[in-house]
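The chains referred to below are lettered A, B, ... by the order of the sequence lines, with proteins before strands, and numbering in each begins at 1. All figures in this text were calculated on a predicted structure; none of them were measured in a lab.
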Amino acid sequence: MDEKYFPQQIEKKWQQRWAEQETFKVTEDPTRKKFYCLEMLAYTSGRAHIGHVSNFAIGDALAWYKRLRGFNVLHPFGWDAFGQPAETAAIKDGTDPEKFTRDAIAYMKWQFQRMGLSYDWSRELATCDPEYYKWNQWFFIRMWERGMIYRKLSPVNWCPKENISLSNEQAANGVCWRDGTPVVQKELMQWFARITDYAGQLLDSLDQLESGWPERVVAMQRNWIGRSYGAEVTFKVEDSANSANSITVFTTRIDTIFGANAIILAPEHPLLNKLVEGKPQRDEVLAFADRLKQQQRSGRELEELDKEGIFTGAYAINPFNGERLPIWVANFVLIQYGTGAIMSVPSGDQRDFEFSRKYGLPFRQIKLTSDGVEIVPEDMKAADDEWTTTVNTGEWSGLSSKQANRRMTEYAEAQGFGRGSITYKLRDWGISRQRYWGTPVPMIHCDTCGIVPVPDDQLPVVLPRNVNLNVVGGSPLDHVPDYLNVSCPKCGSAARRDTDTMDTFVDSCWYYFRYCDPHNDRMPFDPKVVEYWMPVDQYIGGVEHAVLHLIYTRYWTKVMRDLGLVKFDEPVTRLLTQGMVCKETFQCPNPDHDWLFPEQVTEDKKCKLCGNSVKIGRVEKMSKSRKNAVDPIEMIDIHGADSLRLFVLFAGPPDKDKEWSDTGFEGAARYLQRVWRVAFKLHCHLDEWGAARGVSAQQARETLRVTKKMWDSTDPESSAGLNEYQRRLQRRMHQVIRSITENFEERLHLNTCISSLMELTNELYAFDQAVEKNGPVGMTDLIIGYEALESLIRMLAPFAPHIAEELWEAFGHSDSVAQASWPEFSDELAREEEIEVAVQVNGKLRSRLFVAADLSDEDLREAALIDEKVQAAISGHDIVKVIVVPRKLVNIVIK
RNA sequence: GGGGAUGUGGCGGAAUUGGCAGACGCGAAGGUCUCAAAAACCUUUUGGAUAACCUCCAGUGUGGGUUCGAUUCCCACCAUCCCCACCA
């Protein structure tokens, strides 16, 4: 073997060999335990970034570990290939999204392969493959047949000049991205998935994820689904021409209904027109509502809107006490939530409070404060939403709020003007987009038959190529006659194809089911194969997907369960949300320069372009615009993929943000050099041993191999006869194996695994020094040294697989490390013979004792008490008690 | 407004059924080797007191509490970050 470590040659060699030998290809094997390790689908942005390295390095480490532990490991890879950015880029460059995307895949694949990741590339898929999106269409039709997908009018961002719909990004700041035309809201017929039918299930089955998912993701999902328990109460409208006219509100605090001073509707409320009909305020109110509608949608920016409202002229009757309540319209009531109408209780709700103050609506006290005081409405500075005790609440006065809430709901139910109700924040999922680069919606509009799905045997509906994306009016697909004009599958008459495409979140809902059976052309996947591989044992990705993707995919799984395709309910057992890789930023006060590259800044923090003092920014997420991005391929060119991966994993725990550091990266490379060098030294020792006995290197190696075979490294007897430094290395090896093994099984704090590897490496150096000092080299030295080093190599493989493979081969193994097994440890051999025990007096460290590890508590106690320094500290005091923590510490309590 | 975190040396970070705070790495300082430099290796590196060793004192955002003992558990507060947000 070479004396020096040259990562470039080694990495190329092993990447080629893995590809040729399909080292990481797997098939179902019911006799073996499976492990499904999955990183989130990569978006085809066109360029790899450090975030990819971090994401994949975590997954790859775990996949390697499980492989060495004997699991049948599924570790696949694929591309999130549809979506707006490819379309936007294609318009800019005058090319075709398909070409753009395929080029991006080709380039990124080359980049990712240089990271040396242990993927089964035979399962690779791209969501823009017709063989893949065919099944999106198949699911769409199945769901349509069952009423899980429906159509409704829904607003989109609309550019009135070009007559096309815009994504939120294209309509940023309320103007069209192309020429700044103000965007308006337009109602279009769109496809929706009825995810709200699953709201309760999605919420309830979060409970089973609590052990394997980050707390905050579960919390975010709970919050997003947003279940509220309350009541719907129906108020009759006074003097209504149509006696059926009534307004239903949703409230979580029916116990405060005696404090209601108004009914307030959302501007979009369907009853509004009827209510104001014939009223003198009619025109004014409707104009007001129209204005609010625009304001609410396009003005959904950060700042809170002022509360604005208008009296409709109509009144409703409080069913509990017969009071007349004015009916208002206001901007802070949302049509999407609850019933789109509320009762205003200013003393109990801050928004109602502000609104009522502004418009002079009356206050009434209906409960005590939390201190048990009666509230004087005039003195109130803010609403009070505590659950206390009711007052002025008719026959329910004097009850606890909770009790009143329950009883009043029951009363409303009995009287027929209300009922207990559960409301969710979650809304149905709009899954159609009026854009080109996505899965075509497989539906046909026929004038006689209505909406007809494309028959299964005609799937996939393939996205046409060479489409002009620069259209004015409608979606690009509206301008492709061959695509648009079809005959109705039912009656054969001329019909029109639906030109919407699907939200890309549909693509990512079930891709990892497809990995299990990626080439199936009869079904999305064979349920039997999926039953073997699923659920995903470990999913790794960014926290930005905590709600959307991770809720949609849970929903899709439940849908697939209801379609009879899978038997389980939750697709992902363990989830890890990896932190971002960040770096320091530099900003010049001169707006022409703004963000600077580090090399544009002088040592005393001045801008090299203008000499201004540069603001050293916070450590922020890497991005091109902040000029703090690090290109992974450049880094790989410098020190190799192993060093890059090692650094990213060592920089901090996987789920925390990490800071990029050039010197830290060099440190990782330095460490691998150290590993190489110590391996080389051991190699030399073996040669020395052979030379001393007049045998060839080949023979020496063979002798070692044979002798080592008889050595059971986990047998406690194997420590017999070892000298001090041999025993020390052996002990440390067992300790390190134990700590890394436990870490992989439980916390997945990979940074500390790497620390442990470094400790073992340091111990190997100490061992090597001791061997040289004590020479000549003996067979026991070689056995212990090789054992430790071979353990180190196998444990290094998850973090730096190329160098591990190369050293493994250099040590005479013909198989890949991937075929090796994880080193085993023995608690017995990891145990220290002599331990250091701290002795405290009244909790303060006073002395340390070096004692035999098996010393009894009683002896330990005695040893502590006769210690000189302890004696000095306790002389003249009474000993109250002595606490002995076995093998760790003695605390003497004195008075 | 609601929800979730985080806070430890010059820096990244270790340490959890409560038991020696600072593992491992980076940086820094000194040394060995060298004509020299790089690399490599060795030593030191929480702060303070002391010429120095031994040693002593303080110390895990702040203030309390529980305990023989708290980075760890409880209460209050401060700071920073993230997500959602007029959700009735």
Side-chain angles (χ1 to χ4, degrees), chain A residues 4 214-224 226-228 230 249-253 256 264 266 296 300 302 304-307 330-334 336-345 348-352 354-355 382 385 423-427 543-544 546-547 579-580 618-619 646-647 650-653 655-668 670-671 673-674 677 739 747 749 751-762 765 769 836-849 869 880-894:
Chain A
K4 263 199 92 187
E215 216 182 300
R216 71 169 173 150
V217 173
V218 173
M220 277 165 82
Q221 293 214 354
R222 288 217 167 95
N223 218 284
W224 187 266
R227 178 156 55 196
S228 294
V249 306
F250 174 74
T251 176
T252 53
R253 294 300 298 269
T256 64
I264 309 179
Q296 266 200 334
R300 262 205 111 137
L302 301 163
E304 263 188 27
L305 292 167
D306 276 341
K307 288 177 180 51
N331 58 349
F332 71 97
V333 180
L334 305 174
Q336 311 92 315
Y337 186 76
T339 59
I342 63 158
M343 63 180 199
S344 158
V345 182
D349 181 286
Q350 186 58 24
R351 293 155 300 182
D352 300 344
E354 287 166 24
F355 189 76
D385 59 2
T423 292
Y424 295 93
K425 279 196 233 174
L426 186 72
R427 280 180 264 154
V543 72
E544 65 272 21
V547 278
M580 297 178 300
R618 278 213 331 267
V619 174
L646 194 72
F647 166 71
F650 185 53
D655 56 334
K656 294 244 182 74
D657 286 354
K658 301 160 241 310
E659 188 184 340
W660 176 267
S661 140
D662 287 324
T663 52
F665 175 45
E666 269 161 32
R670 195 151 49 214
Y671 169 68
Q673 285 283 5
R674 266 170 73 76
R677 213 162 35 233
S739 115
R747 280 187 305 171
H749 276 199
N751 55 328
T752 60
C753 290
I754 295 170
S755 304
S756 301
L757 289 174
M758 288 170 169
E759 285 180 274
L760 181 55
T761 309
N762 292 344
Y765 271 87
Q769 275 190 355
E836 194 185 337
V837 172
V839 184
Q840 300 178 331
V841 175
N842 280 356
K844 289 209 162 142
L845 184 68
R846 287 295 172 229
S847 181
R848 294 157 202 268
L849 299 176
K869 290 173 196 156
V880 179
K881 63 174 161 176
V882 178
I883 290 143
V884 178
V885 182
R887 302 169 55 78
K888 280 191 175 149
L889 158 148
V890 177
N891 189 14
I892 299 161
V893 186
I894 56 172

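- OP1 or OP2 of B:A14 lies within a sub-4.0 Å distance of a side-chain N or O belonging to A:Asn751.
- Pairing for B:U16 is absent, judged as Watson-Crick or G-U wobble with the two contacts each under 3.5 Å.
- Look at CD on A:Gln221: it is 14 Å from C1' on B:G4, rounded to the nearest Å.
- Here the side chain of A:Ile883 is nearest to one of B:G19, B:A88, B:C26, namely B:G19.
- Put simply, CZ on A:Phe332 and OG on A:Ser344 are 6.0 Å apart, with the number rounded to the nearest 0.5 Å.
- Within the 4.0 angstrom heavy-atom criterion, no nucleotide atom of any strand lies near A:Thr423.
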* To do: Could you please spell out the steps behind the side-chain hydrogen bond (donor to acceptor under 3.5 Å, both in side chains) verdict for A:Ser739 and A:Ser756?
  => CA-CA 8 Å; A:Ser739 115; A:Ser756 301; 3.1 Å; yes

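- Base pairing analysis places B:C81 opposite B:G4; the two distances defining the Watson-Crick or G-U wobble pair are each below 3.5 Å.
- In this entry the distance linking OH of A:Tyr765 with P of B:C24 reads 16 Å, nearest Å.
- The OG1 atom of A:Thr752 sits 10.0 Å away from atom CG of A:Leu757, with the distance rounded to the nearest 0.5 Å.
- In this structure, B:G9 forms no base pair with any nucleotide, since neither Watson-Crick nor G-U wobble geometry is met with both distances under 3.5 Å.
- In this structure, CD of A:Glu354 is placed 9 Å from C1' of B:C86, rounded to the nearest angstrom.
- No side-chain heavy atom of A:Gln350 sits less than 4.5 Å from a side-chain heavy atom of A:Asp385.
- On the C1' atoms, B:C11 is 35 Å away from B:U66, given to the nearest whole Å.
- Regarding A:Gln673, its CD atom lies at a distance of 10 Å from the P atom of B:C41, rounded to whole Å.
- For B:A58 and B:G9, the C1' atoms lie 14 Å apart once the distance is rounded to whole Å.
- A gap of 35 Å separates the P atoms of B:A40 and B:G61, to the nearest Å.
- Nucleotides B:A23 and B:U46 place their C1' atoms 15 Å apart, quoted to the nearest Å.
- When distances are taken from the side chain of A:Glu836 to each of B:C20, B:C86, B:C26, the shortest belongs to B:C20.
- Between the base of B:C68 and the side chain of A:Lys881 there is no donor-acceptor pair shorter than 3.5 Å.
- With both ends at atom C1', the span from B:G25 to B:C78 equals 32 Å, rounded to whole Å.
- Of all nucleotides listed (B:G25, B:C20, B:C86), B:C86 comes nearest to the side chain of A:Phe332.
- Glycosidic torsion of B:G22 falls outside 90° of 0, placing the base in anti.
- Using a 4.0 Å heavy-atom criterion, one finds that A:Lys425 contacts the bases of the nucleic acid, with or without backbone contacts as well.
- To the nearest 0.5 angstrom, A:Tyr337 atom OH is 11.5 Å from A:Arg427 atom CZ.
- Here the nucleotide nearest the side chain of A:Ala838, chosen from B:A88, B:G19, B:C20, is B:C20.
- Taking atom NZ of A:Lys656 as the reference point, atom P of B:C81 lies 17 Å away to the nearest angstrom.
- When heavy atoms are screened at a 4.0 angstrom cut-off, A:Asn762 is found touching the sugar-phosphate backbone but no base atom.
- Base-pair partner of B:U34: not found among the strands shown (Watson-Crick or G-U wobble, both distances under 3.5 Å).
- Contact annotation: the side chain of A:Asp352 approaches that of A:Ile342 to within less than 4.5 Å [non-hydrogen atoms, C-beta and beyond].
- Each of A:Arg846 and A:Asp349 was assigned the nucleotide of RNA chain B with the nearest heavy atom; the assignment lying further toward the 5' end belongs to A:Arg846.
- Considering only side-chain atoms of A:Ala219, the nucleotide from B:G3, B:G25, B:A58 that sits closest is B:G3.
- A:Met220 places its CE atom 12 Å from the P atom of B:G4, with the value rounded to the nearest Å.
- Here A:Arg677 lies in heavy-atom contact (under 4.0 Å) with sugar-phosphate atoms only.
- Looking at heavy-atom distances under 4.0 Å, A:Gln840 makes contact with a base.
- Between A:Trp660 and A:Phe665, the ring planes are tilted. Angles from 30° to 60° get that label.
- A straight line from CD of A:Gln769 to C1' of B:U32 spans 13 Å, rounded to a whole angstrom.
- With both ends at atom C1', the span from B:G47 to B:U8 equals 14 Å, rounded to whole Å.
- Projected onto RNA chain B by closest heavy-atom contact, A:Glu215 and A:Gly226 fall at different nucleotides, the more 5' of which corresponds to A:Glu215.
- Within the nucleic acid shown, A:Arg674 comes within 4.0 Å of sugar-phosphate atoms alone, with no base atom in reach, counting heavy atoms only.
- Looking at heavy atoms from C-beta onward, A:Arg846 lies out of side-chain contact with A:Ile892 at the 4.5 angstrom threshold.
- In this structure, A:Leu889 places its CG atom 13 Å from C1' of B:A70, rounding to the nearest Å.
- Under 4.0 angstrom from either OP1 or OP2 of B:C20 there lies no side-chain N or O belonging to A:Arg887.
- Side chain of A:Val893, nearest nucleotide from B:A15, B:C68, B:G4: B:C68.
- In this structure, of B:C24, B:A15, B:C86, it is B:C24 that holds the atom nearest to the side chain of A:Glu759.
- Applying the Watson-Crick and G-U wobble criteria (two distances, each under 3.5 Å), B:G47 pairs with B:C57.
- Under 4.0 angstrom from either OP1 or OP2 of B:G2 there lies no side-chain N or O belonging to A:Arg222.
- Straight-line distance between the P atoms of B:G3 and B:G19: roughly 31 Å, to the nearest whole Å.
- Nearest nucleotide to the A:Arg670 side chain, out of B:A88, B:C20, B:C26: B:C26.
- Comparing the same atom, C1', in B:C74 and in B:U80 gives a spacing of 24 Å after rounding to whole Å.
- At the heavy-atom level, A:Asn891 lies under 4.0 Å from base atoms of the strands shown.
- Between B:C26 and A:Lys658, no contact under 4.0 Å exists linking OP1 or OP2 to a side-chain N or O.
- Taking side-chain N and O atoms only, A:Ser228 has a distance below 4.0 Å to OP1 or OP2 of B:A88.
- A:Val893 places a side-chain heavy atom less than 4.5 Å from the side chain of A:Asn842.
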